[in-house]
Protein chains: 2
Amino acid sequence: MATIYDVAREAGVSAATVSRVLNGARTVDPAMVARVLTAVRELGYRPNAVARNLRRSRTTLWAVIISDIGNPFFTATVRGIEDVAQQAGYSVVLCNSDEDPAKEETYVAAALSEQMAGVIISSSGSVKAAKTLLESPVPVVAIDRELPRGEVDTVVVDNEAGARTATEHLLTAGYRRIACITGPEGVSTADLRLRGYAGALPSEPLVVRTDFREQGGYDAMSSLLSSSDRPDAVFVANNLMAVGALRCLADRGVDVPGEMGLVGFDEIPWADLVRPTLTTVAQPTYELGRMAARLLVDRIATPAAKPAKVVLPAELRPRQSSAR
Amino acid sequence: MATIYDVAREAGVSAATVSRVLNGARTVDPAMVARVLTAVRELGYRPNAVARNLRRSRTTLWAVIISDIGNPFFTATVRGIEDVAQQAGYSVVLCNSDEDPAKEETYVAAALSEQMAGVIISSSGSVKAAKTLLESPVPVVAIDRELPRGEVDTVVVDNEAGARTATEHLLTAGYRRIACITGPEGVSTADLRLRGYAGALPSEPLVVRTDFREQGGYDAMSSLLSSSDRPDAVFVANNLMAVGALRCLADRGVDVPGEMGLVGFDEIPWADLVRPTLTTVAQPTYELGRMAARLLVDRIATPAAKPAKVVLPAELRPRQSSAR
DNA sequence: TTGAAAGCGCTAACAT
DNA sequence: ATGTTAGCGCTTTCAA
């Protein structure tokens with residue numbers, strides 16, 4: 001690969017001048033600019049970002065560490081992040097931790113080693129990854145899920161209120177024994193949605209914890225169906241588990257919403273095309289991403305500012321699965 | 001941030017020794033290893049990958065440039081890539097071109113500037129991006145879609161055969177006037193699936209081209225419904241457009257599969273939960289990702305080897321939407 | 001306005 | 001087995 005010195009020689013100028021031209025300094029003679037650009041084109045020169053980053057001690061890359069690329073929730077969120085990032089001159093690289101704390105730690109370590117300009121993370125619960133990030137100088141924004149013990153910029157939805165609304169909706173519809181399927185302890189969305197559910201319930205809570213995956217939801221629903229204290233409705237704390245639960249009910253021939261009501265948290269892509277259509281608590285995903293990116297831009301500009309916490313509203317979308 | 005020299009000073013050794021310890025050289029005295037590791041821990045030292053990459057003139061990052069992060073097709077594919085990459089000592093960063101050639105070009109440029117160790121790309125059709133990649137020394141594997149005019153390692157499914165099978169399936173089911181909704185010209189999947197469809201058809205083809213998005217499928221179906229030559233079945237060349245088409249039919253109250261048969265190419269996540277369930281041509285997505293990653297590993301090891309082209313089979317999954 | 005030169009942090013010859 | 005040293009490619013003072 002051609003280096004900046006090759007270009008300099010070809011154009012008959014110094015490397016410093018080439019650098020100035022390429023970085024848009026206005027103190028360069030137009031004639032030289034032309035010569036440099038010609039040389040760049042002829043040699044097919046492409047600046048080595050690694051060298052530049054080393055010299056500048058900074059990069060223009062953001063790492064966005066998401067917990068499950070298979071969850072459509074992240075699609076719109078990432079788009080929101082990308083749109084703001086691009087405008088601010090950053091490129092976004094996505095890292096998929098796949099709900100695996102070990103992978104999350106690997107990606108956090110990589111982001112720091114690679115001197116990324118910032119990190120946006122939806123924690124899969126690794127305390128170690130969170131600690132590493134917090135002790136590092138890299139600007140961090142937590143999204144969707146709070147960072148364990150983290151005093152950092154955070155963008156979440158009002159999980160507790162959303163869960164409460166969903167549970168009250170089931171009560172209003174006439175369901176009496178409402179269970180909750182939620183995610184792993186220590187993941188803030190799992191815990192807060194559980195709290196919202198429990199708070200809305202006049203009776204004793206009935207809780208199953210599992211992972212945030214479709215299979216987890218299936219298994220959880222399966223165990224609820226065969227329990228002695230079988231519920232007549234379930235609030236499911238994320239979208240993929242809700243789909244799993246729905247599939248389980250279909251497989252078992254349980255009538256939804258007649259025999260069993262169902263509300264999920266998080267939209268699923270074709271919530272209105274599945275049968276029965278799925279009642280969900282929808283989140284402003286795109287806006288979540290935009291907001292996180294804006295916070296990160298601000299944080300990079302002002303590292304010492306007090307961390308912000310933004311809570312966006314979630315909204316119930318009543319559909320068939322809860323309409324008794 | 002602490003540098004390798006800080007660690008060296010703290011441990012009372014040279015920077016070279018620290019480097020050796022950190023890179024697992026076995027020619028280091030165990031006592032020194034211990035001292036170095038202690039110093040590393042005390043200082044919270046973290047190697048600067050940018051400096052390392054510059055010095056080594058290589059990185060351990062792969063760029064995976066996908067054309068639409070919102071398409072669930074890529075979920076399993078990316079997982080396949082990641083699993084192989086991790087085993088081979090590479091980290092994967094995802095870049096979402098969002099079917100936008102300009103974004104694709106930006107990400108290709110970034111991947112080259114950042115000296116990424118390799119690129120796996122699902123082209124959104126930018127000839128310029130393809131050219132840039134092919135003229136660069138970076139190892140490239142095309143996945144899902146062929147790279148425009150690219151003599152590179154390629155992993156695709158047998159699009160033509162899959163489309164033919166789908167079309168024949170509709171004919172066998174008794175549909176007579178079968179249309180095709182496909183993607184942009186120049187995108188290999190769009191063109192090959194169209195060819196497979198046309199090849200299987202005894203009559204004149206009826207084709208609508210649009211983008212590969214849900215809205216595109218909706219609009220295309222809408223125009224087919226109001227055309228004078230209204231079809232009784234449609235083969236839709238990707239998953240998102242199939243969902244759009246299905247939604248359009250639902251909105252218009254057209255009975256599927258009675259009034260209109262439908263087959264999509266690519267699975268959708270809950271094909272069996274939507275109503276009617278959607279007949280699709282399924283692809284071995286995870287295997288596609290694994291294969292691409294394996295080719296990339298080989299290519300990095302043997303840059304001069306002849307490019308391979310791997311064609312994996314696609315498989316019809318008959319469901320309700322085509323069962324007249 | 002331009003060039004010379006130093007140095008970002010690391011690794012790998014080479015020397016000891 | 002360990003240290004010395006040069007240099008990866010770039011940017012940015014500093015001097016002219």
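No hydrogens, no waters, no symmetry mates; every other heavy atom, side chains included, goes into these values. Protein chains get the first letters and strands the later ones, always in sequence-line order, with residue 1 at the start of each.
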A side-chain contact here means heavy atoms from C-beta on lying under 4.5 Å apart; do A:Pro137 and B:Met1 qualify? yes

Are B:Glu82 and B:Gln86 packed together at the side-chain level, in the sense that at least one heavy-atom pair is separated by less than 4.5 angstrom?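 Result no, sub-4.5 Å side-chain heavy-atom pair not found.
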
Could you tell me the separation between the [atom1] atom of [X] and the [atom2] atom of [N], rounded to a whole number of Å?
{"X": "B:Gln115", "N": "D:dG9", "atom1": "CD", "atom2": "P", "answer": "9 Å"}
{"X": "B:Arg35", "N": "D:dT2", "atom1": "CZ", "atom2": "C1'", "answer": "11 Å"}
{"X": "B:Arg9", "N": "D:dT2", "atom1": "CZ", "atom2": "P", "answer": "20 Å"}
{"X": "A:Glu114", "N": "C:dC10", "atom1": "CD", "atom2": "C1'", "answer": "13 Å"}

Looking at B:Ser14, does any N or O in its side chain come under 4.0 Å of the phosphate oxygens OP1/OP2 on D:dG3?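 Yes, within the criterion.
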
Assign B:Val50 to base, sugar-phosphate, or nothing according to its heavy-atom contacts below 4.0 angstrom with the strands shown.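 It contacts nothing in the nucleic acid.
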
Hey, does the side chain of B:Ser67 reach the backbone of B:Ser123 with a donor-acceptor pair shorter than 3.5 angstrom? no

Can you tell me if B:Thr302 uses its side chain to pair, donor with acceptor, with the backbone of B:Ala305 under 3.5 Å?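 Judged by distance alone, no pair lies under 3.5 Å.
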
If you pin B:Leu54 and B:Asp29 to their nearest nucleotides in DNA chain D, which one's is more 5'?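 Counting from the 5' end, the first nearest nucleotide belongs to B:Asp29.
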
Would you tell me whether A:Gln115 and A:Asn53 have side-chain atoms, one donor and one acceptor, within less than 3.5 Å of each other?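 On atom types as modelled, these side chains do not qualify, holding no pair under 3.5 Å.
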
Who are the side-chain contact (heavy atoms from CB on, under 4.5 Å) partners of A:Ala51, not counting sequence neighbours?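 Result, side-chain contact (heavy atoms from CB on, under 4.5 Å) vs A:Ala51: A:Asn48, B:Leu54.
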
B/S/- along nucleotides 11-16 of chain D (protein heavy atoms under 4.0 Å) is BBB---

